[in-house]
K.L.:
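Below is the structure I would like to discuss, written out as structure tokens.
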Amino acid sequence: QVQLVESGGGLVQPGGSLRLSCAASGSIFSIGAMGWYRQVPGNQRELVAAITNDGRTNYADSVKGRFTISRDNAKNTVYLQMNSLKPEDTAVYYCNFVITIAKGGYGYTYWGQGTQVTVSS
């Protein structure tokens, strides 16, 4: 099976930085778009950043200029560099890949397990 494993979350003070990583393993033919979402208890999961397989990026307005998404296709990994963190960035962050497991097959969405990011003094 395909598995996405996240790492890099933790507790950081306002203004600090964290880098999240998410690596996919298993039976993978190709990976299309990659993204990061976040969710606060009681709220809907929201898109934070996304990157296409040709490198185009998109960010939520709330994180533009502070967060950077990147990918390493050789490692099947996506990263989220988070700078100038604010308390309102506190959430569980989930990675999301569109993965095709066989040539000619459909691309399906896979999710990481989530990693907690807490921004607090």
Side-chain angles (χ1 to χ4, degrees):
Q1 72 277 20
V2 173
Q3 184 176 13
L4 274 57
V5 179
E6 302 180 31
S7 62
L11 175 64
V12 65
Q13 294 185 351
S17 297
L18 286 172
R19 190 171 88 150
L20 306 183
S21 299
C22 178
S25 62
S27 181
I28 298 171
F29 178 75
S30 64
I31 301 176
M34 298 175 171
W36 289 95
Y37 291 71
R38 66 188 181 188
Q39 188 168 25
V40 177
N43 287 261
Q44 298 182 78
R45 191 170 298 184
E46 65 174 353
L47 176 68
V48 176
I51 183 167
T52 66
N53 59 359
D54 61 356
R56 294 191 173 192
T57 58
N58 187 59
Y59 298 92
D61 288 342
S62 60
V63 307
K64 285 181 179 177
R66 300 188 298 119
F67 291 11
T68 302
I69 188 170
S70 61
R71 62 192 287 165
D72 185 336
N73 292 327
K75 297 180 178 179
N76 292 336
T77 299
V78 67
Y79 304 94
L80 185 67
Q81 178 66 47
M82 304 185 293
N83 298 325
S84 302
L85 283 161
K86 304 174 180 179
E88 51 263 45
D89 295 318
T90 296
V92 177
Y93 284 70
Y94 299 88
C95 58
N96 173 273
F97 293 7
V98 177
I99 297 176
T100 300
I101 63 174
K103 184 178 181 180
Y106 287 105
Y108 292 97
T109 297
Y110 293 83
W111 292 92
Q113 82 280 8
T115 185
Q116 177 71 47
V117 171
T118 302
V119 185
S120 177
S121 297

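In what follows, residues are counted from 1 in the order of the sequence shown. These values consider heavy atoms only, across backbone and side chains, with no hydrogens, waters or symmetry-generated copies. This structure is a prediction, so every number in the text was calculated from the model and none was measured.
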K.L.:
Side chains of Tyr37 and Val92: closer than 4.5 Å at any heavy-atom pair?
P.N.:
no

K.L.:
Which residue pairs pass the salt bridge (charged side-chain N to carboxylate O under 4.0 Å, His left out) test with at least one member in residues 65-79, sequence neighbours excluded?
P.N.:
Arg66-Asp89

K.L.:
Does any non-hydrogen side-chain atom of Ser121 lie less than 4.5 Å from one of Gln13?
P.N.:
no

K.L.:
When you compare the side chain of Val119 with that of Met82, does any pair of heavy atoms fall below 4.5 Å?
P.N.:
no

K.L.:
Closest heavy-atom contact between Ser17 and Asn83?
P.N.:
OG-OD1, 2.9 Å

K.L.:
Which heavy atom of Leu80 sits nearest to which heavy atom of Ala49, and what is that distance?
P.N.:
CD1-CB, 4.2 Å

K.L.:
How close do Phe97 and Ala24 get, counting heavy atoms only, and between which atoms?
P.N.:
CE2-CB, 3.5 Å

K.L.:
Measure up the Tyr94 and Trp111 rings against each other and bin them: parallel (under 30°), tilted (30 to 60°), perpendicular (over 60°).
P.N.:
perpendicular

K.L.:
With heavy-atom distances below 4.5 Å as the criterion, would you say the side chains of Gln116 and Thr90 are in contact?
P.N.:
yes

K.L.:
Please check if atom CD in Gln1 has more than 12 non-hydrogen atoms from other residues, nucleotides or ligands closer than 6.0 Å.
P.N.:
no

K.L.:
Atom CD1 of Ile31 and atom CG of Asn53: how far apart are they, to the nearest 0.5 Å?
P.N.:
10.0 Å

K.L.:
Work out which heavy atom in Val78 is nearest to a heavy atom in Cys95; give both atom names and the distance.
P.N.:
CG1-CB, 4.4 Å

K.L.:
Which pair of non-hydrogen atoms, one from Gln113 and one from Leu4, has the smallest distance, and what is that distance?
P.N.:
OE1-O, 3.5 Å

K.L.:
Could you give the distance from OG (Ser30) to CD1 (Ile99), rounded to the nearest 0.5 Å?
P.N.:
9.0 Å

K.L.:
Pick out which of Val48, Ile69, Ile51 makes a side-chain contact (heavy atoms from CB on, under 4.5 Å) with Tyr59.
P.N.:
Ile69

K.L.:
Give the C-alpha distance, both sets of side-chain angles, the deciding distance and a yes or no for side-chain contact (heavy atoms from CB on, under 4.5 Å) between Ile28 and Val2.
P.N.:
CA-CA 7 Å; Ile28 298 171; Val2 173; 4.2 Å; yes

K.L.:
Mind checking whether Tyr79 and Trp36 sit in one hydrophobic cluster, side chains of I, L, V, M, F, W, Y counted as touching below 4.5 Å?
P.N.:
no

K.L.:
Determine yes or no for a side-chain-to-main-chain donor-acceptor pair under 3.5 angstrom, with Glu46 supplying the side chain and Arg38 the backbone.
P.N.:
no

K.L.:
With a 4.5 Å cut-off on side-chain heavy-atom distances among I, L, V, M, F, W and Y, is there a chain of contacts connecting Tyr108 to Met34?
P.N.:
yes

K.L.:
Check Val40 against Ala91 and note the closest heavy-atom contact, atom names and distance.
P.N.:
CG2-CB, 3.8 Å

K.L.:
Using the rule that two of Ile, Leu, Val, Met, Phe, Trp, Tyr join whenever any of their side-chain heavy atoms come within less than 4.5 Å, decide whether Leu18 and Tyr93 are in one cluster.
P.N.:
yes

K.L.:
What verdict does the side-chain contact (heavy atoms from CB on, under 4.5 Å) test give for Ile101 and Tyr110, after you've listed the backbone C-alpha separation in whole Å, the side-chain angles of each residue and the deciding distance to 0.1 Å?
P.N.:
CA-CA 11 Å; Ile101 63 174; Tyr110 293 83; 3.9 Å; yes

